[in-house]
Amino acid sequence: MLSYKEAFSLIKEQFQNLNLETETVKLEDSLHRTLAEDIVSDINLPPFDNSAVDGYAVQFDASINEWEIIGEISAGNFKEYNLLKNQTIKIMTGAKIPEICTAVIPIEAVEVHNRKIKLSAGSRYLDGMNIRRKKSDIAEGVTAVEKGTFLKPRHLASIASCGKSEIRVYKKLKFGILATGDELIPVNEKPEGDKIRVSNVYSLLGEVLALNQEAINFGFINDDKEKIKEKINNILNSDIDILLTTGGVSVGEYDYLKDIFEELGVKKIFWRAFIKPGKPCYFGIFNKNNKTKLVFGLPGNPVSSQVNFKVYIKENINNLFGIQNIGQIKAELLNDLRKKDKKRCFMKGILKKEKDEYFVTSKFSQSSGNMVELSNANCLIVIEEEHLNPKKGERVNCIPM
Ligand code: AMP
Ligand code: MG
């Protein structure tokens with residue numbers, strides 16, 4: 001059976017081969033999208049020398065400490081003044097500075113009497129002070145925000161300043177999500193007998209939306225091979241990029257998904273990797289009109305399907321869309337853990353930071369059926385293959401979630 005690393009690299013290879021399409025969006029709709037073009041400034045920024053403070057613009061001369069106020073310039077209302085060395089212009093933050101001025105003294109550093117100012121005792125007065133120079137932020141023609149950048153609020157201001165109200169971004173990947181199982185019922189019904197609510201669809205939708213990708217909920221379908229096959233055939237031939245199914249991919253009698261994928265022409269890349277939870281994960285590719293779609297048959301166990309998404313898919317989306325990978329955090333284990341075999345284990349844990357140290361506890365059952373436990377955890381503790389029965393006090397890697 002494949003190791004986690006082998007399985008992950010097979011998935012990674014397919015993600016890297018995806019050809020992301022692009023689209024134009026309005027700047028106000030571009031938060032958390034990924035730039036598909038370089039944003040080049042069409043002007044110098046700032047476009048003119050301007051004042052960094054509310055104050056008084058003067059020609060620097062260390063021998064002078066009193067000036068006569070002869071005018072005023074506010075931001076957006078420039079007027080040129082040809083002042084003498086003992087004259088000053090009252091100037092506001094962001095206002096363009098008269099050509100001749102070489103310093104701005106802050107309002108707080110002077111005393112004002114009638115139309116005169118005097119440098120207060122103890123105030124500093126330096127050549128060039130409080131002037132924000134033309135093009136000190138960026139020069140015309142220079143790239144301000146690079147292609148591939150995942151857009152945060154701070155980038156939007158830069159792009160706006162470069163004069164772009166519409167930008168080219170990568171299209172979101174469209175995930176189709178389908179659950180299978182005879183036991184499933186809708187969330188708004190009360191399960192009777194041996195039925196359970198279809199919870200996995202919602203965690204998977206959430207995982208996809210949290211990465212700002214598109215998710216289509218195809219609901220659930222009972223363990224009827226022909227019906228599942230027809231449904232999956234329709235989904236694979238729709239415009240989705242990635243199919244996530246959950247359930248029916250293990251070794252049980254009614255686990256039809258692997259056969260269905262094969263019959264529909266999905267090329268299997270692997271089935272099962274030596275991890276816990278989430279061992280029975282299936283991964284394949286489906287080619288349609290020269291476009292490759294990724295197919296994940298995730299197990300039905302609620303913790304398994306979520307862990308599979310987190311450890312196989314999330315990092316790949318992050319890499320593709322330039323989203324920062326938080327990575328793993330080393331923490332001291334506060335209790336012993338049971339790990340009897342050489343699978344790579346992802347255990348539910350609670351990570352906390354005290355002063356500068358991280359600590360992690362895990363009093364959970366680690367059952368792959370206990371989804372409420374998972375929702376009360378805030379990290380997955382990664383225990384590597386060879387590492388058996390980790391002991392309190394050991395340092396372990398944690399994936400925050
Ligand atoms: P399976 O992978 O189909 O063998 O299912 C494994 C376990 O996950 C069983 O206990 C199922 O009842 C449960 N399960 C399957 N699908 C879902 C789902 N969509 N939501 C919650 N539990 C599920
Ligand atoms: Mg099933």
Side-chain angles (χ1 to χ4, degrees), residues 15 18 20-54 74-76 92-96 130-175 202-216 241-242 306 309-310 313-329 351-353 356 358 375 378-379 398-401:
F15 268 100
L18 288 182
L20 295 185
E21 291 171 23
T22 66
E23 63 183 343
T24 299
V25 295
K26 286 188 189 161
L27 183 56
E28 57 260 50
D29 298 328
S30 68
L31 184 68
H32 295 165
R33 303 297 298 271
T34 302
L35 259 183
E37 62 172 333
D38 283 338
I39 301 295
V40 175
S41 187
D42 64 341
I43 53 169
N44 293 314
L45 283 172
F48 44 83
D49 289 355
N50 67 90
S51 179
V53 294
D54 293 320
S74 60
M92 313 308 153
T93 305
K96 182 174 168 179
N130 297 318
I131 297 180
R132 299 193 287 215
R133 293 290 171 200
K134 175 177 172 177
K135 72 174 159 180
S136 61
D137 200 7
I138 199 165
E140 180 186 338
V142 174
T143 298
V145 189
E146 280 181 18
K147 179 175 172 175
T149 303
F150 178 72
L151 298 175
K152 301 275 186 78
R154 64 178 186 274
H155 299 115
L156 305 192
S158 284
I159 297 172
S161 298
C162 292
K164 300 275 287 185
S165 59
E166 293 190 331
I167 54 174
R168 212 74 207 143
V169 296
Y170 291 108
K171 272 194 182 160
K172 295 181 182 190
L173 290 174
K174 196 180 263 189
F175 285 72
Y202 298 92
S203 52
L204 295 172
L205 283 170
E207 294 283 3
V208 171
L209 296 178
L211 296 168
N212 205 25
Q213 305 299 312
E214 194 175 337
I216 301 180
D241 301 294
I242 300 179
Q306 284 183 60
F309 191 99
K310 289 178 196 301
I313 301 175
K314 187 173 173 183
E315 185 177 323
N316 284 305
I317 299 286
N318 286 346
N319 290 340
L320 216 49
F321 285 85
I323 306 170
Q324 192 183 8
N325 273 316
I326 298 178
Q328 303 189 350
I329 291 176
L351 182 68
K352 58 176 193 251
K353 192 176 181 187
D356 285 334
Y358 282 96
S375 70
N378 68 0
C379 74
C398 301
I399 305 173
M401 55 176 196

Within a radius of less than 6.0 Å around NZ of Lys172, do more than 12 heavy atoms belonging to other residues, nucleotides or ligands occur?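 Enclosed: over 12 neighbouring heavy atoms sit under 6.0 Å from NZ of Lys172.
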Over all atoms of both residues, closest heavy-atom pair of [X] and [Y]:
{"X": "His155", "Y": "Val145", "value": "CD2-CG1, 4.1 Å"}
{"X": "Asp356", "Y": "Lys353", "value": "CA-CE, 4.3 Å"}
{"X": "Asn44", "Y": "Ala139", "value": "OD1-CA, 3.5 Å"}
{"X": "Asp42", "Y": "Gly163", "value": "OD1-N, 4.2 Å"}
{"X": "Gln324", "Y": "Asn318", "value": "O-ND2, 4.1 Å"}

Please tell me if the side chains of Glu207 and Leu211 come closer than 4.5 Å, counting only heavy atoms from C-beta onward.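 No, side chains not in contact.
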Should the ring pair Phe309 and Phe175 be called parallel, tilted or perpendicular, given that the plane angle runs from 0 to 90° and is split at 30 and 60?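 Answer is tilted, since the angle falls between 30° and 60°.
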When you look at Glu21 and Lys171, which way does the salt bridge (Lys or Arg N to Asp or Glu O under 4.0 Å) test go after all the steps? CA-CA 5 Å; Glu21 291 171 23; Lys171 272 194 182 160; 3.3 Å; yes
I would like to know whether Glu140 and Lys135 meet salt bridge (Lys or Arg N to Asp or Glu O under 4.0 Å); could you show each step before the answer? CA-CA 8 Å; Glu140 180 186 338; Lys135 72 174 159 180; over 6 Å; no
Rounded to the nearest 0.5 Å, how far apart are [atom1] of [X] and [atom2] of [Y]?
{"X": "Lys152", "Y": "Ser158", "atom1": "NZ", "atom2": "OG", "value": "13.5 Å"}
{"X": "Ile326", "Y": "Met401", "atom1": "CD1", "atom2": "CE", "value": "12.5 Å"}
{"X": "Phe150", "Y": "Asn212", "atom1": "CZ", "atom2": "CG", "value": "6.0 Å"}

Only one of [options] clears side chain to side chain contact (heavy atoms under 4.5 Å, CB included) with [X]; which?
{"X": "Ile167", "options": "Leu156, Leu151, Thr24", "answer": "Leu151"}
{"X": "Val169", "options": "Asp29, Val25, Thr149, Leu20", "answer": "Val25"}
{"X": "Asn50", "options": "Met92, Lys134, Arg132, Arg133", "answer": "Arg132"}

